[in-house]
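Remember, it's a predicted structure, so these values are computed and weren't measured experimentally.
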Amino acid sequence: MNEKPVSTEEKRSPGKLILPALVVSRFATQPPAILTGLLLIDIGLTFECSVGVMGQIRTASAVVSVIFALLMGALSVRFNHKSLLMIGLLFLSISALGSGLASNFSMMLALYSITGLGVAMATPMGLTLVGEHFPLEKRPSAIGWIMTGAAASYFICAPAIGLIADFGGWRLAFLGFVLPICVLALLLAAEGLPATSKSPHSAISLGSYFEGFKGVFSNRSADACLVGTALSSAAWLALLLYSSSFNRQRFLVSTGLASLILMTASVCFVVGNLVSGRLTKRLGRKPSTVLTALFTGIFVISYTNVPNLWLSLVLGFLGSLFSGMRFTASNSLTLEQVPGYRGTMMSISTAADQGGAALGAAVGGLLLLLFNYEGMAISLGSMGIAAAIVFQFLAIDPTRAEARGHS
């Protein structure tokens, strides 16, 4: 194994601006998803498309993200991780600008898909930099804060997007809100991240670009984490993409109330991220991942299958809470699978995450066209339960295994 010893990494002390820069960078990846989830009906009306059809802009973005994240698995072996992160943020900015100016569905589909490029670059590089600059015991907490940055975007962006859309429509929300956030994240990353953040293999290995893939895919536990991540992400899409439309269509809530509901769900997600960092330290990466994936699936199934708005909201909020916990726990587990190739591991994990998102959006949209929200939630929620089974029986926590080996 061409793995860099963990002990040398533990000696590194993160700079004061690294974590804030990573948090804001992850924050910036979320507003496009928030906007499309909240205003999918409005965008569809503009282009004369149904919710199920319009939701496929998310499918296209996720597919692009999967493909490019796999490419990132090779590029991260050689290239400066800070530069890759910043290029990702630049793509997000371009996508926000283009989406806000799109004149028809085809243009919207193509320009919004660029979001997938940005997510494929910014997300894994941010997590990779955690592995490079934070000691082992501080990584779950750092990941928790980064995931909190993603979740906090819902708390901040959902009401802001709702207000801006009420004033000037969904286009203004893209151009006057999403675009400035992406540009701000780009500037902070340029200032706050070290200029010398490179893959360790640029210095210690002359192997091929693809040796990282061999290191990842030859590891059964790493493969299990990828499968579990994809299934969990598909389950999460049932809440992330379709819950606002479900509430607006089934219970006839207003756009303003839908934004407040989404904001509350984001608070639950934030709490889940923060609690999960501590829970992971106490219970361990694997048990935390298994339990949170299981409960996410259960609550996804439940929230559309009750006749009362308030009970549905409670179940949806619980699903958001456990989804936040699962994101932090599973990323903490995945980050440690192949220490020598963290950039590749997290890039492929991002591909799995986006692949799961594409699966969730496609299956969810198809079931909405053919059946109803209940069928969509049962199908996607079952994927969350399946993820828990995969994590339980096929994944291991290498840090626990290493500790046992030295005891």
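Two residues are said to be in side-chain contact when any heavy atoms from C-beta on lie closer than 4.5 Å; S99 and M108 meet this criterion. In this structure, the side chains of C157 and F27 come closer than 4.5 Å at one or more pairs of heavy atoms. By the 4.5 Å heavy-atom criterion applied to side chains, F269 and M325 are not counted as neighbours. Taking the side chain as every heavy atom from C-beta outward, L85 and S25 approach each other to under 4.5 Å. Between S221 and L394, every side-chain heavy-atom pair lies at or beyond the 4.5 Å cut-off. In this structure, I114 and L117 have side chains that are in contact, with non-hydrogen atoms separated by less than 4.5 Å. Counting only heavy atoms from C-beta outward, the side chains of L239 and F299 never approach each other to under 4.5 Å.
Of the inter-residue distances, the one linking L193 atom CG with L22 atom CG reads 5.5 Å to the nearest 0.5 angstrom. Distance check, rounded to the nearest 0.5 Å: CD of E191 to CG of L186 gives 12.0 Å. From I57, atom CD1 reaches atom CD1 of I43 across 5.0 Å, with rounding to the nearest 0.5 Å.
Residues satisfying the side-chain hydrogen bond (donor to acceptor under 3.5 Å, both in side chains) criterion with S95, sequence neighbours excluded, are T115.
Side chains of T229 and D353: no donor on one and acceptor on the other come within 3.5 Å. A donor and an acceptor atom, one from each side chain of W236 and T296, are nowhere located under 3.5 Å apart. Between the side chains of T304 and E374, no donor-acceptor pair of N or O atoms lies under 3.5 Å. Using modelled atom types, one finds a donor on one side chain and an acceptor on the other under 3.5 Å when comparing R285 with T399.
In terms of heavy-atom proximity, T289 sits nearest to R326 at O-CG, 4.3 Å. The minimum heavy-atom distance linking G116 with S61 is given by the pair N-OG, 3.2 Å. Minimum interatomic distance between Y242 and Y303 (heavy atoms only, all atoms of both residues): C-OH, 4.1 Å. The minimum heavy-atom distance between A28 and L89, with the atom names listed, is CB-CD2, 4.2 Å. In terms of heavy atoms, L335 sits closest to R139 at CD2-CD, 4.1 Å. Heavy atoms only, all atoms of each residue included: A224 and V390 are closest at O-CG1, 3.5 Å.
Atom CH2 of W145 has 12 or fewer heavy atoms from other residues, nucleotides or ligands within 6.0 Å. Summarising the local packing, OH of Y373 is surrounded by more than 12 heavy atoms from other residues, nucleotides or ligands at distances under 6.0 Å.
Comment: E336 does not engage K286 in a salt bridge, judged by the lack of any side-chain N to carboxylate O separation of less than 4.0 angstrom. We find that D42 and R248 are joined by a salt bridge, their nearest charged nitrogen and carboxylate oxygen being less than 4.0 Å apart.
Proximity of a side-chain donor or acceptor of R171 to a complementary backbone N or O of G100 within less than 3.5 Å is detected. In this structure, N219 contributes its side chain and G215 its backbone to no donor-acceptor pair below 3.5 Å. With hydrogens and angles disregarded, a donor-acceptor distance shorter than 3.5 Å links the side chain of N273 to the backbone of G324. Under the 3.5 Å distance criterion, the side-chain polar atoms of Y112 are matched with a main-chain donor or acceptor of P32. The backbone N or O of S276 sits less than 3.5 Å from a side-chain atom of T280, completing a donor-acceptor pair. One N or O on the side chain of T36 and one on the backbone of A33 form a donor-acceptor pair closer than 3.5 Å.
Taking the six-membered ring where tryptophan is involved, the planes of F251 and F246 are perpendicular, since the angle between them exceeds 60° and thus also 30°.
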